Amino acid sequence: MKKLTLDSLGWDSWFEAQARTLGEAEIPVARVATVDRDQLLLVGEDGFFRAKLSGKYMYESESASERPCVGDWVCVEKPGLDQFGLIHKVFERRTCLRRKAAGDLVEYQMIAANVDFVIIVQSCHYDFNLKRLERYLVMVKDGGATPLILLTKTDLVTGEVLADQIAQIRNAGITGSVATLSNVTNDGVDELKSILSPGKTYCFVGSSGVGKSTIINSLVGRNVLDTKVVSGTGEGRHTTVRRELILLENGALVIDNPGMREFGVFGAEEGIGASYSDILAKATQCRFRDCTHSKEPGCAVLKALERSEIDAEHYDNFIKLRRESEYYRLSYAEKRKKDREFGRFIKSVKKEIED
Ligand SMILES: Nc1nc2c(ncn2[C@@H]2O[C@H](COP(=O)(O)OP(=O)(O)OP(=O)(O)O)[C@@H](O)[C@H]2O)c(=O)[nH]1
Ligand SMILES: [Mg+2]
Ligand SMILES: [Zn+2]
């Protein structure tokens with residue numbers, strides 16, 4: 001592998017200024033390419049290598065959002081060849097992409113750090129949704145990156161449908177750049193390539209199955225990422241499971257992401273699924289599909305609770321978390337409608353995209 005420079009990996013004066021305050025002349029730094037539980041893949045001047053968090057860092061970092069995520073810059077000690085590097089510090093992020101974490105109204109889940117542009121991908125075939133697009137725009141703005149909108153699968157719709165979707169975006173007052181492409185006919189792929197600059201980081205987000213990994217494979221020119229055929233309605237099944245930083249030939253850096261349904265709420269429900277699989281398994285046997293498992297007749301969860309097949313405290317936590325997640329969704333919807341502050345926020349987002 002040819003020698004990389006830190007600049008080519010996205011290092012800039014923002015990080016340089018932090019490095020100087022650390023007071024050491026030669027601090028080995030690297031960028032996080034992938035996080036796999038407690039193991040990380042880093043990329044530095046000598047290429048890719050594995051690392052872990054130092055015990056001290058683990059101990060001192062109080063919240064999950066302080067832990068390194070893809071795109072972060074870290075200080076890392078490299079004990080020797082074939083050994084894990086040890087991460088001592090995570091640099092303050094210049095920008096980030098984040099969403100509300102499960103069951104917590106304050107904590108955020110980091111999606112990616114230090115991204116310059118977030119490419120919001122929607123497929124014009126079944127996936128296009130203006131409200132969701134606006135929510136993505138708000139999320140991108142919140143983290144300080146610049147949004148780019150990309151409509152995929154143009155081969156599956158007529159020109160009229162596509163034109164109508166673009167008109168809907170414009171009528172909503174969103175004036176930023178909207179790119180369109182088809183991975184089948186390759187229409188628009190070169191145009192997308194031409195807007196990616198060396199040393200800049202582009203993070204792809206959007207629902208599962210819209211073609212994020214397919215585009216990145218096409219940009220790389222090789223199948224570096226898994227993709228999977230989706231059902232007739234375009235519904236995906238979460239082929240990508242990991243966030244990953246990839247270096248393109250032209251020097252641009254791209255981050256692939258697993259599909260997101262609705263951030264915030266989705267984050268919460270994902271968390272519920274992982275920790276409460278026993279309750280969710282029972283819930284499939286409830287009489288009503290929209291059972292809240294609190295009072296309904298024929299509720300299999302309540303029955304299991306009565307028989308002590310489910311722990312009472314575990315059940316209480318589940319209900320509490322569910323309520324918080326619903327509360328969050330409601331408050332979000334209400335904000336959208338009533339809160340004038342939020343209206344102004346949306347306007348400032350749109351203004352920012354115009355500028
Ligand atoms: N017709 C058509 N199919 C496409 C296009 N782009 C991608 N696909 C297909 O859509 C399916 C899903 O593509 P992926 O790239 O795996 O989607 P993804 O967004 O990475 O999905 P997740 O990893 O689950 O988030 C694959 O079968 C692709 O071949 C396109 O422009 N047109
Ligand atoms: Mg994918
Ligand atoms: Zn129930």
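Indexing begins at 1, ligand by ligand and atom by atom, following the structure's order. A quick note: this is a predicted structure, and the numbers were derived from the prediction, not measured. Computed over heavy atoms, backbone and side chain alike; hydrogens, waters and symmetry mates excluded.
Of the listed options Gly206, Ser182, Ser208, Ser218, Ser208 places a heavy atom closest to atom 22 (P) of ligand 1. Nearest residue to atom 17 (O) of ligand 1 from Ser207, Cys124, Gly211, Gly188 is Gly211 (criterion: closest heavy atom).
A salt bridge links Arg94 to Asp116: at least one charged side-chain nitrogen sits closer than 4.0 Å to a carboxylate oxygen. Using a 4.0 Å cut-off between charged nitrogen and carboxylate oxygen, Asp72 and Arg93 count as a salt-bridge pair. Under 4.0 Å is where a charged nitrogen must lie from a carboxylate oxygen, and between Glu309 and Lys303 no such pair does.
The part of Pro258 lying near ligand 1 is the backbone, judged by heavy-atom distances below 4.0 Å. Under 4.0 Å from ligand 1, the heavy atoms of Asp155 that appear belong solely to its side chain. Of all the heavy atoms of Thr214, the ones lying under 4.0 Å from any atom of ligand 1 are found in both the backbone and the side chain.
Looking only at its N/O/S atoms, His293 has ND1 as the one nearest to the Zn ion (ligand 3).
Although no hydrogens or angles enter the test, the distance criterion places no donor-acceptor pair under 3.5 Å between the side chain of Trp73 and the main chain of Asn114.
Taking any N or O of Asp256, backbone or side chain, none lies under 3.5 Å from an N or O belonging to ligand 1. By the 3.5 Å distance cut-off applied to N or O atoms, Leu181 is not counted among the residues near ligand 1.
Taking backbone and side chain together, Ser213 holds an N, O or S atom under 2.8 Å from the Mg ion (ligand 2).
In this structure, Lys200 fails the cation-pi test against Phe117, since its NZ or CZ atom is not both closer than 6.0 Å to the six-membered ring centre and inside 45 degrees of the ring normal. A cation-pi geometry, defined here as NZ or CZ lying under 6.0 Å from the six-membered ring centre and within 45° of its normal, holds between Lys52 and Phe84.
Shown are Asn257, Leu97, Thr34; of these, the side-chain contact (heavy atoms from CB on, under 4.5 Å) with Arg243 is made only by Asn257.
Each of the atoms 1 (N) of ligand 1 lies under 4.0 Å from some heavy atom of Leu156.
Put simply, the angle at the Zn ion (ligand 3) from SG in Cys286 to SG in Cys299 is close to 110°, to the nearest 10°.
Using a 3.5 Å distance cut-off with no hydrogens or angles, the side chains of Thr214 and Asn183 do not pair a donor with an acceptor.
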